[in-house]
Amino acid sequence: VCLSWWIPFIDLFSNVLFLKSIPYYIMLLHRADRQQFLTGIGKKDIMTTAFKEVRSMRIASIIIGVLLVFTSVWCLAHPGATYLSLAFLLGAVMFLHGVTALFGYLMIRRLHKKGQGWLLADGIFTTMLSLVVLFNQIVADAVVPVFFGLWLLHSGVARIVSTLNERGIKEGFWLFFIGIISMVAGLYPLVDAILFDLSLMMMIGIIFLVQGVNMLYLGASSLTDAEE
């Protein structure tokens, strides 16, 4: 039942992302550096196509952000649900999040030679953690909020460190601010029992909500900057 709404989003995501065309255009970019017009395709045309791919990544990031927010709303609306009933869904959304971040980094790095190091770190870490969730390697409920909290904490720290190391990036202030919010929200599960003692689903919902906002911000700003 939990997966009935999920399948159409997977199809939409794969169609928007154009995953099959990405290696092809990366190959063309390298070829254009060596032989700009020998193949009959100008470098300008190839770069125009690359910008279209970045635009597709922007749309994909917004879709994943919406999925993360939707998942968080469901968790907040069903605080009595069990983790195992949603483990596959949570892992699948995390996996798409990680893959989108990785492809977003590759696209931005291809067009701009600096910045977005946090995106690479976040993509790798999120993809690895999603596999842990998908293969049901978390057996104790007490570990679940700490696990997802560390995921969000890493995302926040990666943004903060990237902002401090790469001061020339345009969206540095907001990236730093979102990093602080993510870090604080990621630390909360460690002290939840002392403060509000929220249910497991509510804590997961808060974490996915913050990550959803992170992805929406990525689609609205970072990838847009790559197009400029």
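Computed from a prediction, not measured in an experiment: that's the story for all the values here.
Under the side-chain contact (heavy atoms from CB on, under 4.5 Å) criterion, Leu129 pairs with Met94, Phe125, Phe147, Trp151, sequence neighbours left out. With sequence neighbours excluded, the residues forming a side-chain contact (heavy atoms from CB on, under 4.5 Å) with Ala81 are Trp74, His78, Ser85, Met201, listed by chain and number. With sequence neighbours excluded, no residue forms a ring-ring contact (aromatic ring centres under 6.0 Å, His included) with Tyr83. For Val73, the side-chain contact (heavy atoms from CB on, under 4.5 Å) partners are Val69, not counting sequence neighbours. Applying the side-chain contact (heavy atoms from CB on, under 4.5 Å) rule to Leu150 yields the partners Val146, Leu153; only residues at least two apart in sequence or on another chain are considered. Looking at residues two or more places apart in sequence or on another chain, you find a ring-ring contact (aromatic ring centres under 6.0 Å, His included) between Phe148 and Phe208.
Here the shortest heavy-atom pairing between Leu86 and Cys75 reads CD1-SG, 4.0 Å. The minimum heavy-atom distance linking Gln211 with Leu68 is given by the pair O-CD1, 3.6 Å. The shortest non-hydrogen separation linking Gly205 to Ser72 is O-CB, 2.9 Å. Contact between Ala92 and Leu134 at its shortest, heavy atoms only, is N-CD2, 3.5 Å. Ala101 and Leu119 get closest at one heavy-atom pair: O-CG, 3.4 Å. When all heavy atoms are compared, the tightest approach of Gly149 to Pro189 is CA-CG, 4.0 Å.
Looking at Tyr188 and Leu198, their side chains come closer than 4.5 Å, going by heavy atoms from C-beta outward. Using a 4.5 Å heavy-atom cutoff, the side chains of Met215 and Thr100 are in contact. Here the side chains of Val93 and Leu89 are in contact, with some heavy-atom distance below 4.5 Å.
One distance of note links CG of Leu102 with OG1 of Thr126; it measures 8.5 Å at 0.5 Å rounding. Here the CG-CD1 distance, from Leu152 to Ile204, works out to 12.5 Å after rounding to the nearest 0.5 Å. If you take CD1 on Ile64 and CG on Leu96, they are separated by 4.5 Å, rounding to the nearest 0.5 Å.
Sorted by first and then second residue, the salt bridge (Lys or Arg N to Asp or Glu O under 4.0 Å) pairs involving residues 138-148 (not counting sequence neighbours) form an empty list. Listed by first and then second residue, the salt bridge (Lys or Arg N to Asp or Glu O under 4.0 Å) pairs involving residues 148-163 are Asp122-Arg159 (not counting sequence neighbours). Here salt bridge (Lys or Arg N to Asp or Glu O under 4.0 Å) pairs that include residues 69-88, with residues two or more places apart or in two chains, number zero. For residues 65-75, the set of pairs meeting the salt bridge (Lys or Arg N to Asp or Glu O under 4.0 Å) definition, not counting sequence neighbours, is empty. Each side-chain hydrogen bond (donor to acceptor under 3.5 Å, both in side chains) pair with one or both residues in residues 128-140, not counting sequence neighbours, would appear here, but there are none.
By the criterion of side-chain heavy atoms lying less than 4.5 angstrom apart, applied directly or through intervening Ile, Leu, Val, Met, Phe, Trp or Tyr residues, Val213 is not grouped with Ile59; the two fall into different hydrophobic clusters.
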Check residues 178-185 and write down every donor-acceptor pair under 3.5 Å in which the side-chain atom is one partner and the other belongs to a residue at least two apart or another chain.
from   : atom 1 : to     : atom 2 : distance (Å)
Ser182 : OG     : Ile178 : O      : 2.9
Ser182 : OG     : Asn214 : ND2    : 3.2

